[in-house]
Structure formats: structure tokens, C-alpha cells
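Written out below as C-alpha cells is the structure these notes cover.
All chains are named by letter (A, B, ...) in the order of the sequence lines, taking the proteins before the strands, and each is independently numbered beginning at 1.
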Amino acid sequence: MEPNYSSLVSSELFDWRPAASYVLSAAVGAFFEEYSKQLNAAQAEAVAATEGPLLILAGAGSGKTRVLTARIAHLVLDHGVPLSRILAMTFSNKAAREMHDRVKSLLQDDSTIRYPWISTFHSVCVRLLRQYGGRVGLETGFAIYDSSDQMALVKDAFELLKISDKTYHPKAVHAQISSWKNDGKFPAQVASSSRASHFVETASKIYVAYQAELLKAQAVDFDDLLLYGHQLLNEHLDVREYFQDLWKYVLVDEFQDTNRIQYMLLKQLIGPHQNIAVVGDDDQSIYGWRGAKIENILNFDREYPACRVVKLEQNYRSTANILKAAAAVIGKNEVRHEKTLWTDSDAGRKIRVVGLPDDRAEAKYIVTQIHKALGEGVAASEIAVLYRVNSVSRVFEEECLRQRLPYKIVGGFRFYERKEIKDIIAYLRLVMNPHDIIAFRRSINTPTRGVGKVSVDKLEALAAVQKKPLAEVLKEGTMQLSGKGRIGVTQYAEVYAEGRKLFLEGDSLVDLFVHFMDKSGYVADLKNDPSFEAREREENLQELLAAVQEFEEQWQAPEEVVGVEGIKIDTSGVQRKLFDFLERVALVADTDQLDQKSKEQVTFMTLHASKGLEFQTCFIAALEEGIFPSMRAMDSGDGVEEERRLCYVGITRAKEHLILTRADSRRTFGSINMQMPSRFLRDLPAQVLEMVEEAKPSYPNYASGGGGASSWGNGYYARKPKPGPIPAYEDESQDLYSEDVDSEFKRGDKVKHPSFGDGVVKKVEHLGSDECLTIEFRVKGKKKVLSQFVQAVE
DNA sequence: TCACTGGGGATTTTT
DNA sequence: TCCCCAGTGA
């Protein structure tokens, strides 16, 4: 029986009064007393140590989230700390959501209230900046640019400075700018460095222009949220003191992934009380390439000498064999906090290592094994296939279709990054922020209304001359245009003006969306398009509308912080709703929020995406040199250490059964390459392994020893095949998928599909009594390949 | 302005 | 192989 703690909530959950006016109630301790029975000694210590700096080194599967959430519940229930006084920051929305929900359930709070300060770093900053952005030059309605918007602006900066984008890749420059921002450097601080390389010099110039463009558009990129957040607190004592005082307790999850700016921000937030608890595992630091500083966690105890260190080393997730394997892999790394994971569980099954002739065989093997596991009663949601790069997922997808395995591929496309969604959102963004140049350019000729670059340039120039927001010079602008452009802009100006009115005076977010979808002509345009893709887009827009509707229904005016400036944001009407919705689109944009129906599906994802998850059965595929560890990591010195940590993360996702696979040859970028087994396989202790070597030289016309010269770097692991016919899978398919059934179809047959139209059969395969056709269609000139099962006709 | 074509490039991606 | 972009022609 769950004990009931609700009577213990001794104060309101939300209390925004200055700290002086609330008094800690004496520790009741009833929650802790009861809950700590479920904790081990180290976990209990980490929960109970509420005051002062605390570093929790939490190994994989050691119950870290449990400790964090219990800590919050303990503060609230036993110490009477209002939730508004606790700031808990995570990196991903996924982690924030999980922590939020678990705290809520510990508090036995079944209201619909959302706790505002269990959140991501970025969201916390957005909330600070919506209210205090004026201090650092931001209007309340500032836009948040996603990566493609950011790239567009970087390219703009290239053009503005008349630097050819052939000199350097805009992508590389953007990465450099981002890394400066992650280090907490504004353009001014970068320009001052002497003796810079030509690239750095150029990039710093572009940084200056890029930042100016952002400001002009009243927009921020992801990194800016942290940068400005830090600037705000650093330069404005009143704001800093207010929040230091508000947040008596600060918690940070996945601390090993913090970068410099996040760390700087964090230091601003910690008041004199120094009640800062960080949780992390240096062995799971896998975002170094995004600026994460593993030193933050390695040096934390030195930075805070009074810091208490708690190590959580008991693993509750995996079998002993799996942990042995994980320890062997990670043990090869030099830079780490020494710790040893241990478990009470049995050795469990051996880890299976399987070599296969090629990537197709690997996919077939894995999917077949999954079917077997499902047959043995393992739930589909308890099975995952992990890999280093997204590109290997394609062959799995094909195989799943062929073997009819319900699957879900995590990552890749995000709902809000689809063209049609971004198109409509652009209108909304402009209405919220009339300065938003990227939204303006995207929406003005979508759907096409004959407004080209010439007209756009004129409008932008006019806005610059008049020093007015872009969207406000539309009417005047039409006067300076002629012909098609003039008609188009007039139309656009009307749609915008009406929408702006709905934004300022209306109260329904759905109405606002419907207005732009209809009046812009976007939906009508789609309806006139007979293609399959247009249908898909229409559906996606419907889905968007449904999401907006749901959002609006569940939306509640946030508990506003009565800060030093009082409440500044209008929390009534449609404005605040749009702010919040667009924030979600920019920051929380992942699809799995929209459909959580993944219960019956096997999950395929990158190793990065798997962090924080666990599965009964885990496959790690493509364990080959050059893929995992990746080529890039192998070239750089400490790159391999991070790959090793990634491997450790992957291994520790498995609870009971771990299967590692590799292939002798693999199709990458169109050509087939010979692959060498990953060095990580060699690190595994033999006694926990079960080798299944199915690899054999399957294609006689490939060189097994010498062979052609390699086109990649060190030539040892990747050899180009000798010239000669590539063995066609079509010929082998009968063997591979057995059971000769008389087919209605053969290769080259013309077929008709209800939505795709005419297509050509590329491949016919058989599985049991079913027939799988791979058919290639051309839809609006684009190739579309579909694998589909057909019941064989007797 | 837009539709087509050919060349070049191609990790991981919490936000 | 496939996808994105820049350049070209109608």
C-alpha cells in the first residue's frame, strides 16, 4: 500500500513571495522515513543531503532519476519547501518530462498544474528572457530560430560581407560560432583575439554580422538563449538576486553534458546558500562534439571544496555479464572518475557477438531474431536496435517491411521540420514578431504568388530605410512594385493584417491558425495538387491543427513570477498562447509527443538517442571500424574515448540480453566496402561472450586480401571492390526468402497504386505464403520506393 | 519566377 | 545511393 503523504504538504506548492516571508517548517521526515526503505545507503544519503553542494556520481542504471525525484519530494514534503523554490534543470525535454511526472506522482498531486521549474536549461532561459529580455535588447515577442533558420542567416551574413561561401562552408562557420557561444563568447570577445587563423578571422567577422542580423530580426538561436540568460543575470544584480533568492535548491541532471555557458549560467543561479546538487556520469559524456565539457564534472569537487560526493555504484538494470562487458570497454579510457558498477543479479545470458557477410544479412539476422524473441514472449517495446549512424537504419527499415515487423525509427525527421508545417508556422511567427526576416521570406511567396527576389529585396530595403519592422512596410511597399509582385504583395499584406488583428484582439489560437491556412491559399493550393505528397501534407496540416487545438485546450496561463519588474506579459488572450506554442515548436519539437502509441513497436535508434532508456533485449549493429568508432573520431586523438563512452552507453541499455553484430561488407554511399570488426569487440572479455560467426567470404569477386586502393584515409579497413559485376540480390532473393510460390508478378511489371499512380515492380520476394513486392513509383518526378505485401493468390 | 539538371558531399544533434 | 544546391533555360 502506498502511504498517503498529501497531508504532509505543509505549504502551498507555489509561493512567489520573497524568501524572508516564508519559514521552513521543521523537518517532518515522514516521507523520507517511508521512502528510504526502498533505497540503498548511497541513494538515501543523496536524498537526505539537502544542504550545500553535492555531487552525485551515478553509474548507468543506478537509480539516478529515482534519487533526484525523491530528493525533490523530500524537500517539499519533509522540509515544507514550496516547489517554486526548487529549480531542476535537464538537457532534454524527455528527461524533464520524466522527472516532472515522477515528482508529481511522488507528491500524489493529480491536478493538471505544470511545475514551471522542472525544465530544460533552454526553457528556463526563455522564461527569464520573455520577462527580462528588455535588459539585454530583446523584445517580449522575440523569435527562436531553429538550425535551418540559423543557417539561412549565416548565409545572409556571407552575402552581406561579400564573402564567397566557397571560401568556407557556412556549416563550418556556423559550428564555429556555436562553439564560441557555447564558450560564453560574444562577437566582441572573439574579435579581440590576435594571431587568429584565416578561418577564425573570417568566422569572427561573420559572427559579428550574424549576431547583428539576429538582433535586427529580434530573434535568438538556441545558444543565444543561454548566452543572453547568462548576460542578464551577470549584468543585472537585481534580477540575479531575485532568482538566487527564489531558488533555494538547484538540481542539475546529466551534468557531464554541460558546456561552459551552461556552467557559467548555473553559477549565477546558485545563491549564497550553495544548495546545488548535480548528478552525472562522466562515463556517459557523449556530447563533447557539441561543446560539453567533461571537466565540469571531473573538477566539480575541486570547485566546491565543501562538496559532498556520493557514488551510486549499484546497478539495478543489467545482468552481471552485461556489466562486465561494459566495464571492460570503458576501463580502457584514461580520463575518468574511478568507479565500479556492481550488481546483485546473476551472470545471465552470454553476450552474443555475430559476424555476418553483409549489411543485408545483418538486417535479416536481427529482424529474424526479433521475431524469435517476440515469439518467446518478449514485448516489442522491450526490444531496441541501436547503431552509430542513422544511415544504417534504411536497410533495417526495408527488412522490417519485408518481415512485417512493427517498428519505430526514432530521430531523423521531426514533425515540426516538415516543409508544410514550417510554411504555416512562418506566418504565425511573423504575426508574433514583425521583425522576423526569415519567417517573412519563407511566407511571402508560399504558396507562390509571383513575389520573387527582386520584390523581396525592395521590401527589405524599404524596411531598413524607414527603420520599421518588415511586416509593417508591406502596404507602402506595394506602391513601389509593379506587375505580378505588386498583386502578390497586396494579397499577402491583407492576409497578414487580418491575422495580426486576430493576434492582437482575438482569443482563439485555432482561429489564428485556420485563418492563415485558409486565407493564405496554402490549403487550397494543396487541394489542387493531385499528387500523393500533397495528400500527405494536407494530413500533416490537419495533424498540426489538432495539435494546436489540444494545446489550446490544455493551456493554462503560467504561474507568473512576480519579479523585480512585476508581471510584464499579458497572460490573457491569444498572445501568450502563441508565445508558448511557438516556444514548444522551437524547443520541444519532437514527434513522439504527438503519438505515444509505440507500445507494440520495436525501436530503432542511434546510440545517442538511446541514452537514459533501457530495454530487455538490445542489439547494437554495425560494430565496424570507421562506423563505430566513426572515421572522424579515429582521426582525432581523444575522439575514440568519446566513442568508447558511447559504446558503454549502448551496452548498459540492455537489461538481460545483448546482441552485437557486424558485417564483413557494407554498402555506404553507393559503393560496397569491406569492413573490419570494431576495436570495441576486441575489448570484450571472452568469458562473457558467445561467438556466432556467420561471416564467410560470400562474394568471390571481392578481393579479400589485397584489392583496390582505398579512397579513405588509412586504407586498412576499407577496400574498394575489384571491378566486376556486383552480385545482384534479386538473384539471391529466392534463396534468402525461400518458399517458392508462384508469383502473379515479376520484375518489370507495370502496376497501379491507388495513391501513387503508375509504378514498376523492382523486386519480388516471398516469405511464407506471402509475397512482398518492392515497387518504384515516380511521383512528381521524385522516386518513391514502396515495399508492400500481397497475399499470394492460390 | 520556376522547373529541370548535374555536381558534390555525405556523423552523432538533448536545445 | 541519395539528397541538396547552384546554375541554366523557358
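Exactly one residue among A:R666, A:R679, A:R388 makes a side chain to side chain donor-acceptor pair (under 3.5 Å) with A:E624. That residue is A:R666.
The nearest whole Å value for the distance from the CG atom in A:N93 to the P atom in B:dT14 is 10 Å. The separation between A:L607 atom CG and B:dT14 atom P is 14 Å, rounded to whole Å. Following rounding to the nearest Å, A:R584 (CZ) and B:dT14 (P) show an atom-to-atom distance of 17 Å. If you take CZ of A:F222 and C1' of B:dT15, they are 5 Å apart, rounded to a whole angstrom. Atom CG in A:N182 sits about 14 Å away from atom P in B:dT14, given to the nearest Å. In this entry the distance linking CG of A:D359 with C1' of C:dT1 reads 12 Å, nearest Å. Rounded to an integer number of Å, the gap from CG of A:L225 to P of B:dT14 is 15 Å. The nearest whole Å value for the distance from the OH atom in A:Y416 to the P atom in B:dT15 is 13 Å.
Under the 3.5 Å distance criterion, with hydrogens and angles disregarded, no donor-acceptor pair is assigned to the side chains of A:Y492 and A:N445. If you check the side chains of A:D224 and A:Q211, you find a donor sitting under 3.5 Å from an acceptor. Side-chain polar atoms of A:Y210 and A:D221 form a donor-acceptor pair below 3.5 angstrom.
Summarising the local packing, NZ of A:K171 is surrounded by 12 or fewer heavy atoms from other residues, nucleotides or ligands at distances under 6.0 Å.
Interatomic distance, A:T65 OG1 to A:E254 CD, rounded to the nearest 0.5 Å: 8.0 Å.
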Which atom pairs link the protein and nucleotides 6-12 of chain B when you take only N or O atoms and keep those under 3.5 Å?
from   : atom 1 : to     : atom 2 : distance (Å)
B:dT11 : N3     : A:R632 : NE     : 3.4
B:dT11 : O4     : A:R632 : NE     : 3.4
B:dT12 : OP1    : A:N390 : N      : 3.4
B:dT12 : O4'    : A:R388 : NH2    : 3.1
B:dT12 : N1     : A:R388 : NH2    : 3.3
B:dT12 : O2     : A:R388 : NH2    : 2.1

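Annotation: proximity of residues 444-453 of chain A to DNA chain B (heavy atom, distance under 4.0 Å) is found for A:N445, A:T448, A:G450, A:V451, A:G452, A:K453, numbered in ascending order.
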*asked:* Walk me through whether A:V395 and A:R360 qualify under side chain to side chain contact (heavy atoms under 4.5 Å, CB included).
replied: CA-CA 7 Å; A:V395 62; A:R360 289 276 314 250; 3.9 Å; yes

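For the pair A:R429 and A:F440, the cation-pi criterion (under 6.0 Å, within 45° of the ring axis) is not fulfilled.
With sequence neighbours left out, A:Y522 forms a side chain to side chain donor-acceptor pair (under 3.5 Å) with A:D423.
Of the candidates B:dT15, B:dT14, C:dT1, the closest approach to any side-chain atom of A:D257 belongs to B:dT14.
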